[in-house]
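We name chains A, B, ... by the order of the sequence lines, and we start the count at 1 in each one.
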Amino acid sequence: MTAAASDEVVVCPMAELPPGERCEVRGALTYGVTVFNLDGELYALLNHCPHRGGPLCRGRIRPHPVSDRVGYWEFEREGEILRCPFHNWEFDIRTGEALYDEKVRARTFPVEVRDGQVVVRVRGRRQVTR
Amino acid sequence: MAAVDSLPRPAERAPTYRKVAPYLVDCDCHHLWHKIDEIFPYLPRQYVQEIKDFGSMFPNGGWTNMPNSHGYRTDHDVDEDTDFAEFTVKEHLDPYGFDVAILTGQMVYPTVGMTNLDYAAAICRAHNDWTMDHWVAKDSRFRATLAVGPNDPVLAVEEIERLGDHPAVVGVMLPAGGRHPYGNRIYHPIYEAAERYGLTIVTHFGGEGRGQTNPPTAAGFPTYYLEMRMARPQIAQAHTASLICEGVFEKFPTLTWVFVEVDTWWIPGLLNHFDADWKAVRDYTPWVKRLPSEYFRDHIRVGTQPMEQPGSREDLHWFLEQARADETLVYASDFPHWDWDSPTSVAPDFPAEMRANIFGETARAAFRL
């Protein structure tokens, strides 16, 4: 059993979170907290979209499509962009930033692996209420 | 219209979220099937065989939407075994504490573009019977809008007369795409029947540029989905101007028209211009006896979704005042679509004193709930 401080949440064993996968702790901080494994690096986000309150972390993970001419696509940052299930906004999993609204940013948390467990520090368990 | 006391009433359950208004109505709750096979029991044999042989032959538009089933949100855990009606109750009606959800369909909007008007009418009839059996019968909070084919008003009136007396039927759905602006006299028998049965006309974005309908903009066909979405308000504006200039609300003084999913920002601009020009050139249409904005406020309501998102709360409140939102706007969720607005997500956008009307009372009056 991993020792967890009062402001920490044990998410899952690291063995259950391979690259490209995500793991959610339902109900943590009311909305749930989700950890994403991007090529071995872990990122934790609050499952609450700062735009319209959607379950952000259950959205699709997509690349970032860009273009320098009409009718042509290039795909950057494969697997790094989270699309909210409500309204489809694009978020940077690493920073929580909305790609196309600089005022909007999802809440992020420090995450580490301790004794083979993924542990998120949620900074004093501040309850977010509506 | 009387309350639907004869229908099964679900167990009272405390909503998951705090109710945003004492009486909560959703004016745009989509209902859908997995496959068209579900309406086969209600469809004439010949059409069942044609669909089996050739597919449904619903005219398509060619614009993208979302990848899940029929635009369902990507976080919705739905598959071919999901009972969509039960899912809607569990995920939408119960958690937010809705008192009424107006079912607006979506599957049969493209029938407005069909060449074969008998087939279009048969699909609408089957859709309505399926709605009664598979949705209305399952929860007393569901209310139905009748799908009809506006391009054959005689058949449309027959359908209104067939089901218009059902206590759960509160409206007639006319998708925004069509062959003429909706003030045109060819449609008036539909309005006469709707008024006779105490039904409200609901116009949802849909059907534009499919089959025999007009292009979605007067400038022509949009190329991209984003561009297509921007076409919605101008279609609603054209229908609004037509309804008022053709004297529909003088001829049918108790008729109410609810537009959904057509944006709302255009309301103040159109009405300011409409009133000003009426003072100058009303003599060409003297049967338009009052300021156009007065007809609008008395007869037309507009769904809130997609909720406007100007830069600041102050800008939003200025707009809501200009649009007389406490009289003209009705809450619409667009559930279960990806671009929906939940009650709790948009309630903070409205001044507290407007919420009871926008989230329920205005719709209660418009649909005689």
Side-chain angles (χ1 to χ4, degrees), chain A residues 21-27 29-34 36 45-67 69-73 75 79 81-91 93 98-107 127-130, chain B residues 15-20 63-78 87 91-92 95-97 222-227 229 261 263 304-313 315-316 331-350 355:
Chain A
E21 295 295 318
R22 68 186 109 178
C23 190
E24 177 184 340
V25 180
R26 288 184 181 247
L29 295 183
T30 301
Y31 300 105
V33 169
T34 299
F36 297 82
L45 291 174
L46 185 67
N47 184 27
H48 181 72
C49 182
H51 168 227
R52 283 291 196 198
L56 172 66
C57 296
R58 293 177 203 159
R60 296 189 300 157
I61 296 174
R62 307 294 296 163
H64 180 223
V66 294
S67 179
R69 62 183 192 272
V70 173
Y72 177 78
W73 280 260
F75 298 94
I81 309 301
L82 183 60
R83 311 293 302 267
C84 182
F86 295 12
H87 311 106
N88 214 34
W89 282 29
E90 297 166 289
F91 288 84
I93 293 174
L99 262 53
Y100 293 95
D101 190 330
E102 61 193 17
K103 296 193 294 292
V104 175
R105 182 177 189 144
R107 215 172 146 199
Q127 287 296 303
V128 183
T129 54
R130 181 172 282 286
Chain B
T16 307
Y17 301 93
R18 191 167 59 82
K19 269 183 88 167
V20 299
W63 294 279
T64 54
N65 200 308
M66 279 296 115
N68 248 13
S69 175
H70 311 307
Y72 251 74
R73 283 182 354 227
T74 51
D75 63 317
H76 274 153
D77 190 14
V78 297
F87 187 87
E91 296 289 326
H92 188 49
Y96 295 100
T223 305
Y224 301 109
Y225 182 49
L226 173 60
E227 185 185 359
R229 290 171 71 90
E261 204 162 356
D263 293 7
T304 53
Q305 186 272 343
M307 188 62 198
E308 306 303 336
Q309 299 172 74
S312 70
R313 184 61 55 87
D315 287 347
L316 181 59
Y331 169 73
S333 76
D334 195 35
F335 183 89
H337 293 162
W338 63 276
D339 50 347
W340 83 310
D341 289 328
S342 77
T344 50
S345 72
V346 293
D349 287 353
F350 300 108
R355 288 180 202 158

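The distance from atom CG of B:D339 to atom CZ of A:R52, rounded to the nearest 0.5 Å, is 12.0 Å. Distance check: B:R73 CZ to A:H87 NE2 gives 9.0 Å after rounding to the nearest 0.5 Å.
Ring-centre distance between A:F86 and B:W340: below the 6.0 Å cut-off.
The contact between B:D349 and chain A is made entirely by side chain atoms (from C-beta outward), counting heavy-atom distances below 4.5 Å.
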